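In what follows, every heavy atom counts, from backbone to side chain, and hydrogens, waters and symmetry copies are set aside. As the structure is a prediction and not an experimental result, all values here were calculated from the model.
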Amino acid sequence: YRINRSLERIIAGDLNVVLAEKSTPEFAALSDGINATVAALKAAFLETDARSAQENSLAKSIQASILPRSGSMFRGIPEIDCDAKLLPGQETGADCYSFFLSPDGRPTFLVTDISVHGMRAALFLMKFRALVQDLMETAASPATLFRDVNRILARERLEGVYVSAFCGQFDPKTFRLVFCDAGYLPPLYRAGGDASFRPLKQTTSPVLSGSRDATFESHEIELRPGDVFMLCSDAVIWAKDKENFFFSRDRAIRTLNAVPQGASAKKFISSMENAMLRFIGDVPLDDDVVLFAVTRRLTPLRGEEKSPST
């Protein structure tokens, strides 16, 4: 009976159990055999954990190396302020943001969330980013870019790999932002004269790497003075506290609404980050968090004030 109770604890996951039943030679041999097996399992798990930690550390390094410098996208456009931040989760995903220039010189940003994690995610992220840069040379809009990317990914039939992505192109002459949302969390937007943020609904196209014949649609808004355009990965609204309550989109909107008109993009991001981290307390983030904000300043910066970190 003592052996049976000990085995039940081992099966339940307690590998610190040591059997000491020596009442007969048979029980002694059985105890020794079970102890040796448990010791081997513990050693194997420790080796696996160490390998996993090493791979996760390398994946985080790859992920970090891809991130652009904060504020580098709209440098030289005094009316526009932009900032972004990545908060890594326990296991590295492939959440990322990137800045490019379209062939006609329009600043372009890409925010991604890939369905896999760890080293596989980091390696796929490098491939995906290179694919986007290559296809951007001929893409007429974010929608056609995603259409072309999706056809290639769907043809390769990558098992279990799906990409939620958001691409925006900004025209510095008209202040119009053209964007395509491929399965990403809808952006939150506040017009300069409004008191509250709202999700830009009905703007979502399918995720990438799904159906080869999926269609994608571009939308556009004009950024006027005081307007704020904010992207958050779904890990923000799904972040849980110790009672398993979610941070939620409503709480995210209330957090942003509390930020005063005319605040910097960095202020909107730090407010969201601080509110979410206070909410979850000691609970670790399960997934990567990306926060991305674009605002049109109420007053354009003068030449001497321009800075890539405003």
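Tracing side-chain contacts under 4.5 Å through hydrophobic residues (I, L, V, M, F, W, Y), one never reaches L298 starting from V228; they form parts of separate clusters. At a threshold of 4.5 Å between side-chain heavy atoms, the hydrophobic network of Ile, Leu, Val, Met, Phe, Trp and Tyr places V207 and I114 in two separate groups. By the rule that hydrophobic residues join a cluster once side-chain heavy atoms approach within less than 4.5 Å of another member, F99 and L86 end up as members of one cluster. There is no path of hydrophobic side-chain contacts, each under 4.5 Å, that joins V178 to L231. Y162 and V149 fall into different hydrophobic clusters, where Ile, Leu, Val, Met, Phe, Trp and Tyr side chains are chained together by heavy-atom contacts under 4.5 Å.
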Please list, one pair per line, the donor and acceptor atoms closer than 3.5 Å that link side chains of residues 186-194 to other protein atoms, with sequence neighbours excluded.
unit_1: Y189; atom_1: OH; unit_2: D227; atom_2: OD2; d: 2.8
unit_1: R190; atom_1: NH1; unit_2: V259; atom_2: O; d: 3.4
unit_1: R190; atom_1: NH2; unit_2: V259; atom_2: O; d: 3.2

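Using cut-offs of 30° and 60° for the angle between ring planes, the F179 and F166 rings count as parallel.
Every salt bridge (Lys or Arg N to Asp or Glu O under 4.0 Å) that E222 has, sequence neighbours left out, goes to R176, R224. Under the rule for a side chain to side chain contact (heavy atoms under 4.5 Å, CB included), the partners of D113 that lie at least two apart in sequence or sit in another chain are D95, S164, Y184, D234. For T144, the side chain to side chain contact (heavy atoms under 4.5 Å, CB included) partners at least two apart in sequence or on another chain are A139, A140, S141, R147. Legend: residues meeting salt bridge (Lys or Arg N to Asp or Glu O under 4.0 Å) with K240, ordered by chain and number and at least two apart, are absent. When the salt bridge (Lys or Arg N to Asp or Glu O under 4.0 Å) test is applied to D250, no partner is found at least two apart in sequence or on another chain.
Here OG1 of T215 is found 10.0 Å from CG of N150. Values are rounded to the nearest 0.5 Å. Taking CE from M272 and CG from L87, the interatomic distance works out to 11.5 Å, rounded to the nearest 0.5 Å. Expressed to the nearest 0.5 Å, how far CZ of F128 lies from CG of L153 amounts to 6.5 Å.
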Report task. List the steps, then state whether side-chain hydrogen bond (donor to acceptor under 3.5 Å, both in side chains) holds for N257 with S196. Result -> CA-CA 5 Å; N257 287 344; S196 180; 3.1 Å; yes

Checking M276 against V289 for the side-chain contact (heavy atoms from CB on, under 4.5 Å) test, could you report, in this order, the C-alpha distance in whole Å, the side-chain angles of both residues, the deciding distance, and whether it holds?
CA-CA 10 Å; M276 183 192 67; V289 165; 4.1 Å; yes

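Among I269, I253, T295, the one residue that satisfies the side chain to side chain contact (heavy atoms under 4.5 Å, CB included) test with M230 is I269. Among the candidates F292, F170, F100, the single residue satisfying the ring-ring contact (aromatic ring centres under 6.0 Å, His included) test with F109 is F292.
S205 contributes no side-chain N or O that, together with a main-chain N or O of F216, makes up a donor-acceptor pair within less than 3.5 Å. Counting only distance, with no hydrogens or angles, the side chain of T255 and the backbone of A275 share no donor-acceptor pair below 3.5 Å.
Taking the six-membered ring for Trp and the full ring otherwise, the centers of F279 and F247 sit less than 6.0 Å from each other.
Put simply, the side chain of L291 does not reach to within 4.5 Å of the side chain of S270, judged on heavy atoms. Between S264 and K267, some side-chain heavy-atom pair lies under the 4.5 Å cut-off. L125 has its side chain within reach of C96: a pair of non-hydrogen atoms, C-beta onward, lies under 4.5 Å apart.
Using a cutoff of 4.0 Å between basic side-chain nitrogens and carboxylate oxygens, R106 and D171 are not scored as salt-bridged.
Of all non-hydrogen atoms in C167 and L110, the two that sit nearest each other are CB-CD1, 4.2 Å.
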